[in-house]
Amino acid sequence: MEEIKKAILEFAETSKKSKFYFKDLEKAVQAKIPEAKMRDIKKAATELVNEEKLIYFSTGSTTMYGLKGRGVTEDQ
């Protein structure tokens, strides 16, 4: 799980976008860890949100993820 979380954070920090869909996270993690399952990636992303390293960003119709403190977010 730690390896997946590390891959998510690396993607979030190096991404040109400040917000991204779960599918973006999934592709980035599976590029580094091909055996990672969607369910494990989702759990890792949720843990990162709970640890306040990532944040949820809701557009109303969909939920996106963002790196806390990067870009314009609702809590800034």
Side-chain angles (χ1 to χ4, degrees):
M1 188 64 78
E2 291 303 314
E3 196 176 343
I4 294 173
K5 287 164 64 171
K6 185 178 172 190
I8 291 172
L9 286 175
E10 282 178 21
F11 168 73
E13 289 166 359
T14 59
S15 175
K16 290 182 178 133
K17 299 178 185 175
S18 61
K19 296 173 192 63
F20 24 85
Y21 295 102
F22 177 73
K23 285 282 185 198
D24 297 332
L25 290 179
E26 186 180 16
K27 282 182 195 172
V29 170
Q30 287 179 338
K32 288 188 175 233
I33 311 166
E35 69 277 4
K37 296 190 175 20
M38 185 180 87
R39 185 171 177 211
D40 293 332
I41 298 169
K42 187 80 163 173
K43 277 184 182 178
T46 301
E47 281 183 25
L48 287 168
V49 169
N50 291 339
E51 294 169 10
E52 296 185 358
K53 293 181 181 169
L54 288 182
I55 56 169
Y56 286 125
F57 181 80
S58 177
T59 60
S61 61
T62 189
T63 301
M64 299 176 86
Y65 293 88
L67 191 59
K68 189 168 177 81
R70 183 171 176 212
V72 178
T73 58
E74 293 169 349
D75 63 339
Q76 288 183 334

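Here, residue 1 is the first one in the sequence, and each next residue gets the next number.
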* Is there a side-chain contact between Gln30 and Ile41 (heavy atoms, below 4.5 Å)? -> yes

* Find the distance between CE (Met64) and OH (Tyr56) and round it off to the nearest 0.5 Å. => 14.0 Å

* Separation between OG1 of Thr14 and CG of Leu67, rounded to the nearest 0.5 Å -> 10.0 Å

* Asked: In Å and rounded to the nearest 0.5 Å, what is the NZ to CD1 distance from Lys43 to Ile4?
  -> 10.0 Å

* salt bridge (charged side-chain N to carboxylate O under 4.0 Å, His left out) against Lys53, all qualifying residues, sequence neighbours excluded -> Glu51

* Asked: How far apart are the C-alpha atoms of Tyr65 and Phe57, what are their side-chain angles, what is the distance that settles it, and do they pass the ring-ring contact (aromatic ring centres under 6.0 Å, His included) test?
  -> CA-CA 6 Å; Tyr65 293 88; Phe57 181 80; over 10 Å; no

* Asked: In Å and rounded to the nearest 0.5 Å, what is the NZ to CG distance from Lys17 to Asp24?
  -> 5.5 Å

* Give the minimum heavy-atom separation between Phe20 and Gly66, together with the two atoms involved. => CZ-CA, 4.3 Å

* Within 6.0 angstrom of Met1 CE, more than 12 heavy atoms from elsewhere -> yes

* Shortest non-hydrogen contact from Leu54 to Ala45? -> CD1-O, 4.3 Å

* To do: Look at atom CD of Glu3 and say whether more than 12 heavy atoms of other residues, nucleotides or ligands are closer to it than 6.0 Å.
  => no

* Asked: With a 4.5 Å limit on heavy-atom distance, are the side chains of Leu25 and Phe11 in contact?
  -> yes

* Asked: Glu2: what forms a salt bridge (charged side-chain N to carboxylate O under 4.0 Å, His left out) with it, not counting sequence neighbours?
  -> Lys5

* Short N-O contact, Lys23 and Glu26, less than 4.0 angstrom -> yes

